Amino acid sequence: MRDVPVIDVEAVRVRLARRFGPEVADWCAGLPALADEVARRWGLRLGGVWPKGGTSVVMPCESDDGEPLVLKLTPDLKIAADEAAALDAWMARRHVVMLHDADLDRGALLLERVLPGTRLADEPDRWPLEEAVPVLSGLWPRPPRLGGGSGLPELRERSEFVFEMTRRRLEQHPAVAGRVPPDLVEGSRNLASVLAAEGPVRLLHGDLHPGNVLRGGDRRGLVAIDPRPCLGDPAFDAVDWVLADGGGEQAVQQRIDWLAGRVDGLDPGRAWAWCRAMAVVLAVALLIGRGDDPVGEAMLALARAAAEGS
């Protein structure tokens, strides 16, 4: 018998229901048995559930020979399939987490465990922009090494999803919604839709914020995890990196120009347009998560300026 850690099914249900709704309860109820089944198949010793993530359950584990790994389980089989397809395309790229195995019928991915694994979002000091260069440079194969049946969404679909989630978050946080009028969100959404319909097509991470980038030590540097992959304009992946420090339009444009001079395939004009389109999304996330955050305030101002056509 393999020891399976006790899983707080109710805590998992509450967390995942924010994304999947109440119907996720049945999947959560079967989670301990699913984890045990997958662990037996792959010969894993499981650790406790990590308490973060809105679409999956992540558990550190070890193989029979002691290799540190991560087991990721999701009730959405499409999410697992998309991530597996992208990670396979990025296989052996130093700045992307490695996929060891997948059971897509069970929504299970077996991933390397990045060590030390500190999230950039959890670091007390701001990381320098130059650290983004190798990560972004390694993400955009030209052309994407994917089969025609990969089923990955286009950037337009990913962008629509992000704005829909932003609309839902505002419904749940009326104090922030009072500062972000619906027409500002809708105008930004329309701008993003136009941008997504044109431009180059690359394989994108799709959710490349500091919470999805880990420290991998001196050998690896930064390592991107948890992609929501899609096909479209690579400038979309650069948005969080150039907006992270806030500031006015000039500061943002300077960071874009600096990054575009060092990352092949990043068009500074399109990156600026994407920043204007997505600023309201970042503003809402920061104002909900941190209150009167100065970066959130700067992003809200940038979104308003874009809406006014300045």
Side-chain angles (χ1 to χ4, degrees), residues 12-13 15-21 23-28 30-31 33-42 44 46 49-50 52-61 69-93 95-114 138-141 143-162 164-165 196 201-209 211-214 223-234 236-237:
V12 171
R13 185 198 64 77
R15 175 160 54 88
L16 296 190
R18 299 187 190 107
R19 168 67 187 276
F20 298 116
E23 56 269 26
V24 80
D26 287 344
W27 183 86
C28 293
L31 178 60
L34 174 62
D36 182 42
E37 179 185 358
V38 174
R40 288 173 180 274
R41 175 187 171 185
W42 283 331
L44 305 175
L46 298 178
V49 174
W50 284 340
K52 294 186 177 181
T55 61
S56 62
V57 172
V58 178
M59 308 175 75
C61 56
L69 298 165
V70 169
L71 175 63
K72 187 173 187 179
L73 302 168
T74 176
D76 190 325
L77 301 186
K78 181 67 163 59
I79 287 178
D82 287 353
E83 181 168 350
L87 293 180
D88 183 64
W90 289 320
M91 186 62 71
R93 291 179 180 262
H95 298 285
V96 182
V97 68
M98 183 179 298
L99 176 69
H100 282 257
D101 208 338
D103 184 340
L104 299 183
D105 290 333
R106 292 171 175 80
L109 303 179
L110 186 62
L111 307 164
E112 72 164 313
R113 195 189 319 173
V114 178
L139 278 174
W140 304 327
R145 187 170 60 85
L146 291 161
S150 72
L152 290 181
E154 296 179 355
L155 177 54
R156 174 193 55 78
E157 183 178 336
R158 174 63 187 164
S159 173
E160 284 293 313
F161 171 81
V162 169
E164 178 59 22
M165 291 300 292
V201 176
R202 300 285 184 270
L203 171 59
L204 309 183
H205 182 284
D207 198 23
L208 196 63
H209 56 75
N212 282 339
V213 180
L214 306 180
V223 180
I225 63 169
D226 290 345
R228 292 292 176 266
C230 57
L231 301 175
D233 185 355
F236 181 84
D237 271 349

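Note that the coordinates shown come from a computational prediction; the quantities given were computed from them, not determined experimentally.
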Handout entry: Backbone of His205 reached by a side-chain donor or acceptor of Asp237 within 3.5 Å
Key = yes

Practice task
Kindly write out the residues that satisfy side chain to side chain contact (heavy atoms under 4.5 Å, CB included) with Val58, not counting sequence neighbours, or none if the list is empty.
Solution key: Trp50, Ser56, Val70, Lys72

Completion exercise
Between the SG atom in Cys28 and the CZ atom in Phe20, the distance rounded to the nearest 0.5 Å is 9.5 Å

Handout entry: Rounded distance [0.5 Å steps], CG in Leu109 versus NE2 in His100
Key = 12.0 Å

Handout entry: All salt bridge (Lys or Arg N to Asp or Glu O under 4.0 Å) counterparts of Arg19, not counting sequence neighbours
Key = none

Problem - Closest contact, heavy atoms only, Leu77 versus Arg106 - result: CD2-C, 3.9 Å

Practice task
Check the pair Val223, His95 against side-chain contact (heavy atoms from CB on, under 4.5 Å), reporting the backbone distance first and the verdict last.
Solution key: CA-CA 4 Å; Val223 180; His95 298 285; 5.5 Å; no

Handout entry: Side-chain touch Trp90/Pro227, heavy atoms, less than 4.5 angstrom
Key = yes

Handout entry: Reported CG-to-CZ distance for the pair Leu204 and Arg228, which is rounded to 0.5 angstrom
Key = 14.5 Å

Completion exercise
Interatomic distance, CG@Leu231 vs CD@Glu157, rounded to 0.5 Å, equals 10.5 Å

Exercise for the section: Could you tell me whether a side-chain N or O of Thr74 sits under 3.5 Å from a main-chain N or O of Gly107, the two making a donor and an acceptor? Expected result: no

Fill in the blank from the handout: Residue set satisfying salt bridge (Lys or Arg N to Asp or Glu O under 4.0 Å) with Glu160, at least two apart, ordered chain then number -> Arg189

Practice task
Determine the minimum heavy-atom distance between Met91 and Met98, stating which atoms define it.
Solution key: SD-CG, 3.8 Å

Practice task
Mind checking the CG-CD spacing from Leu104 to Glu83? Nearest 0.5 Å is all I need.
Solution key: 10.5 Å

Exercise for the section: Return the set of residues passing salt bridge (Lys or Arg N to Asp or Glu O under 4.0 Å) with Arg41 (not counting sequence neighbours), or none when no residue passes. Expected result: Asp103

Exercise for the section: Using a 4.5 Å cut-off on heavy atoms from C-beta on, say whether the side chain of Ile225 contacts that of Leu111. Expected result: no

Completion exercise
Tightest non-hydrogen contact, residues Gly151 and Lys78, listed as O-NZ, 3.0 Å

Exercise for the section: Could you list the residues that satisfy side chain to side chain contact (heavy atoms under 4.5 Å, CB included) with Arg156, not counting sequence neighbours? Expected result: Glu154, Ala196

Practice task
Would you check if the side chain of Arg93 reaches a backbone N or O of Leu139 as a donor-acceptor pair within less than 3.5 Å?
Solution key: no

Practice task
To the nearest 0.5 Å, tell me how far Leu69 CG sits from Leu44 CG.
Solution key: 6.5 Å

Practice task
List the atom of Cys61, the atom of Leu46, and the distance in Å for their closest heavy-atom pair.
Solution key: CB-CD2, 3.7 Å

Handout entry: Note, Asp226 side chain near Asp207 side chain (heavy atom, < 4.5 Å)
Key = no

Exercise for the section: Evaluate the criterion side-chain contact (heavy atoms from CB on, under 4.5 Å) for residue pair Leu110 and Val38; output intermediate values, then yes/no. Expected result: CA-CA 10 Å; Leu110 186 62; Val38 174; over 6 Å; no

Handout entry: Which residues share a salt bridge (Lys or Arg N to Asp or Glu O under 4.0 Å) with Arg13, sequence neighbours left out
Key = Glu10

Problem - Nearest atoms (heavy-atom pairs only) where Leu155 meets Gly232 - result: CB-CA, 3.9 Å

Exercise for the section: Answer whether the closest heavy-atom distance between the side chains of Leu73 and Leu31 falls below 4.5 Å. Expected result: yes

Exercise for the section: Mark yes or no for whether Arg158, through its side chain, and Gly206, through its backbone, hold a donor-acceptor pair below 3.5 Å. Expected result: yes

